Amino acid sequence: MAERKASGPAALALALATLAAASVLLYGCGKGAEEARPAREKSPLAAVVPATLDAAPAYGDAIVFGTIGDGSTLIPMLASDSSSHEYAGYLFDGLLEYDKTLSHLEPRLASSWEVSPDGLQITFHLRRDVHWTDGVAFTARDVQFAFDTIRDPKTMTAYAEDYKQVQRFELLGDFDFRVTYEKPFAPALASWNSMMVLPRHLLEGKDINESDFSQHPVGLGSHIFESWERNTRFTLRVNPDYYRGRAHVAQVVYRVIPDESTQFLELKSGGLDMMGLTPLQFRRQTSSGIFDRDFRKYRYVSNSYTYMGYNLDNPLFQDVRVRRAFTYAINKQELVDVVLFGLGQATEGPYRPGTAWLNKNLRPYGFDPAKARALLAEAGWRDSDGDGILDKDGKPFSFKILTNQGNDQRLKTATVIQKRLRDIGIDVAVRVVEWSAFINDFIDKRRFDAIVLGWSLSLDPDQYDIWHSSKTGYKQFNFVGFKNAEADELLEKGRRTFDDAERRRIYDRLQEILVEEQPYTFLYVPDSLPIVASRFHGIEEAPAGISWNFPQWYVPSASQKYTITP
Amino acid sequence: MLSYLAKRLAGFVPLLLGISFVSFLVMAMAPGTPVDLMTDLNPKASPEARERLEKFYGLDQPLYVQYGLWLGRIVKGDLGTSFSRDRRPVLDKITEALPITLFLNVLDLTLILGLAIPIGIYSASRQYSLVDRATTVFVFVGFAMPSFWVALLAMMLFGEQLGWLPISGLRSLDYDSMSLLGQIGDRIRHLILPVGIAALTGLAGLSRYMRSSMLEVLRQDYIQTARAKGLSERVVVYRHALRNALLPVVTILGLSIPGLIGGSVIAETIFAIPGMGRLFYTSVLMRDYPVVMGITLIGAVLTLFGNLLADLMYVAVDPRLRNR
Amino acid sequence: MGRRLLRNPLAVAGGLIVLVLFVAAVLAPWLTPYDPSDFDAAHVLEGPCALHLLGTDGLGRDVLSRMLFGARVSLMVGFVSVGISSLVGVTLGAVAGYFRGVVDTVLMRFVDVMLTFPTFFLILAVIAYLDASIWNIMLVIGLTSWMGVCRLVRAEVLSLRERDFMVAAEALGMKPSRVIMRHALPNAMAPVFVAGILGVAGAILVESALSFLGIGVQPPQPSWGNILTEGKSTLGVAWWLSVCPGLAILITVLGYNLLGEGLRDILDPRLRSR
């Protein structure tokens, strides 16, 4: 793949960036030199943009996000919470990244790469114009350093697995390197993401786990770390030398607001510029005048799905007819309507709707309580004592659905399912458990009947860890205990195959097996529902969401709210 | 006096040991470890990675060894390092949060005392009057409202509808560019709702206590004597009775310290204030043992000193105890 | 005593509130035509109307039914946890006051530890360990709120031990433990009773606070606390979902407090008006 040349608007942006860069660099070193302040005076940058162009892209202004919890570390490979990853996303880039349609990988820090015909070797060629924000050039040694660090057993990372598959890492020059895999490993390419760059010149010889780099790092991304007031505020300022063109929004602020109701009140009164809405807020609370005027709402498919998983070691669920009956008895559309207020879609398998990997020919079960009863009767479950609950060998069919505390949607889902299963004569209790206890006591030890949970979806179709029969051990992720020889074979083949068409056939078949076997009842994929203050322009909705082109978001100079004084 | 102090301080040691041991036990018994939360159902986290993390935190050691190690560090004045991925010293985390909580609580208490004492005196000196009944109902309504509910209603009214006050946080985004006066004003505006609501919900306890304490004193013989001497009711109440009626209130203040430290989690959550309650709550949920232990210990020390201080004040104001 | 109580209109009002709620909770299944867990996707978040006097919630369940069944849960939390705390408090207090000496010192140190311990840490840990069922919540609230009663009973028993009639009784060869049971405890019961009534109100508030943090009585079982917490997220669209439980808690807690305070004024001779 060829390196992309800056052209058109991007070139203009670059020119403007260099113009402004001088002033920022002069003042940029002092702590707190740049501060947000409501615009009483016009931004000095505003003069650059012709005043006639009302909505012309302009630099300046700040965007304020709300976050439920603060981040903990800004080194991506050490981070385990979503806030940390989100913060670090402004500071580091990957070698490559999925494009906005989520269908193929496009260049970032790597300008191109080649995969050897046998799939065992990948050669990366890095851009030569990238610098860390302290001015030092970014080279292949930085990637090598990150690679060595993430594989170092002393590094406290949860993400080393993908890189352990690499047999050899060769530097071919300052900006080129080659990695060799033991076996072909299709998810490999996507693994060369932002986890894989660290400034060697700042970290070499230090203990990464204890380094204070994690608290005020030097990056190479669109923004530069500015300040971090714990559990209150995290602030970034624009990187004027960003290799993909200076971002327009001069300052990014995260405010830590632990309560969702408070966040929403803050949004309404202007204290936040963007947040994710709940379905209820999207449908019923954001349609009034001020929202039409001051905000814009977006809606697209999120990258997670919710399911009910059965413990397949439990005799109750070993009969596939029982699992199928449950799926027939659950009205997925009703769940979407009630739990998500219609803002989502029912799903039949574990792939994200709208991506190429989803098998579009899967046969939906549909809502059919009569069929559910028939299947249960076939499996020997009848109401022989007339108490309204099915029984077999004198034992009533009763079990418990577990879900984690603090997730209202999952709880509502479990409650609706409880009712639907009661309708076909199954006695269901719902129990909510605090997250840590839930994972440790119930999931890891496999002490559950059924669970309502969700998975986030990675963009690579490999789901070896979730469905392969070798992954049913203690603390592994096939905790429902799904074992299917054909599925195993497909999962093994899928991660060794690079050809997309061939892979698609493999995963299409895997999805058919999952639909037949119903180790989970796949329930729904909710929509992401972000809302953004309407002064932000340049937002482009795509399958990847809206944040993929954040550097291109801008506020026309006339409507800027905060003046960022250099 | 000094020997009394020394005795009391020596008594703290077994108490603190007991408290720390119990909290360690409770924490260790609770299911889940910090490692579970870090690997958080992440399919890319292998069991080896988990094991490594467990070893790193010393969780693979037997309990008594873990407690011994912790105790050994405490004796040297080291509260340890947080299990959270930021790996920051526990002391840093506490010294960030504690001043905020203490400052807020001092404000709350000042406001509560400022209201509760006059209310209590007035109600007691006119028991069963209309004013007594009205204030009784008023303070109990304040007490009876679930605090997060009032807080949200107040935020909606004063923050969103009227736009008079900021909704959450302790400072505005543009705080640093304000003039000194503006900064003070900004701080005050942010404090009105949390402090006001804390006072409203906390008023009942102290004002009722003040009332009964005052009632009790007013029935004492020496008050009757003072009345018999022909002193005005004003002088009787404020000169003679008040001082003695305040005594038990002082003790109650000392006792209320642990509640102040742990009990503020709800207000801190609603108002997005990074104080001790919040820190404690998230640390328990994250199984961040060192932080939990650190906070329990510091909370216990503060409480014990609070009690001691209350006792000393008691001695100082009560002439009957002075010569002991 | 009854007549003096009737002279205090606030206490009477409190008593009436307590009584009405008690009856409503007991009669809950007969007062409402709906099953509190019966959801209705077609009628989600509908305002009060003839069919649903207090509207419906986020799953289309009848709020009035949930409030009534929630009253059972909330009152039960109040009563059972107070029962537990009174039992523990009275027993330990009587033991400490009766035996004095080392037993007293040890028990009182234990009370100090409990008072120093942040209560909600215990609650959180226990609920994480035992799961937030209603029984565990009552147990935990009960076991973290007995210290006041304990001190109260101890003081009462201690002072009674010094009295002449106890000395006389012991001199007559009566077993001191019998004397305690017969004479000392009944004397201490009045303040314990008042503390209990106030404790019910406190427990209802604690449950709502726990619900706010997500560790109270767990839905789908309704409690006022968790209905209110659900209502929090619908403040702008469904006022009835937060106003009903909010007011219910307010009125109930107020009722118990007024009644308790009224009784204290009457029962405590030191507070009696001249």
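Heavy atoms only: backbone and side chains are in, while hydrogens, waters and symmetry mates are out. Order of the sequence lines fixes the chain letters, A, B, ..., with proteins taken first and strands second; residue numbering starts at 1 for each chain. Bear in mind that the values here come from a model prediction, so they are computed numbers and not experimental data.
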Contact class of [X] relative to chain C, heavy atoms under 4.5 angstrom:
X	result
B/V137	both
B/M214	neither
B/F140	both

query = Can you list the steps and then say if C/L250 with B/W149 is a side chain to side chain contact (heavy atoms under 4.5 Å, CB included)?
reply = CA-CA 10 Å; C/L250 197 164; B/W149 183 56; 4.2 Å; yes
[atom1] ([X]) with more than 12 external heavy atoms under 6.0 Å:
X	atom1	answer
B/F138	CZ	no
B/Y67	OH	yes
B/Y222	OH	yes

Best-contacting candidate, [options], against chain B by heavy atom pairs under 4.5 angstrom:
options	value
C/L254, C/L258, C/I251, C/T252	C/L254
C/E261, C/R109, C/K232	C/E261
C/A209, C/S208, C/G246	C/G246

task = Report the option among B/E160, B/R208, B/M145 that has the most heavy-atom pairs separated by less than 4.5 Å from atoms of chain C.
result = B/R208
message = Using side chain to side chain contact (heavy atoms under 4.5 Å, CB included), reason through B/F143 and C/L205 one step at a time and then give a plain yes or no.
response = CA-CA 9 Å; B/F143 172 77; C/L205 279 179; 4.0 Å; yes
message = As an exercise, state the distance from CZ of B/F148 to OG of C/S242, rounded to the nearest 0.5 Å.
response = 9.5 Å
message = How long is the straight-line distance from CG of C/L10 back to CG of B/D132, given to the nearest 0.5 Å?
response = 8.0 Å
message = The test is side chain to side chain contact (heavy atoms under 4.5 Å, CB included); show your working for C/L235 and B/L153 and say whether it passes.
response = CA-CA 9 Å; C/L235 263 178; B/L153 292 179; 4.2 Å; yes
request  = Please report the shortest heavy-atom distance between C/I249 and B/A144, naming the atom on each side.
outcome  = CG2-O, 3.9 Å
query = Going through the checks in order, is the side chain to side chain contact (heavy atoms under 4.5 Å, CB included) test met by B/T269 and C/F212?
reply = CA-CA 10 Å; B/T269 305; C/F212 169 76; 4.1 Å; yes
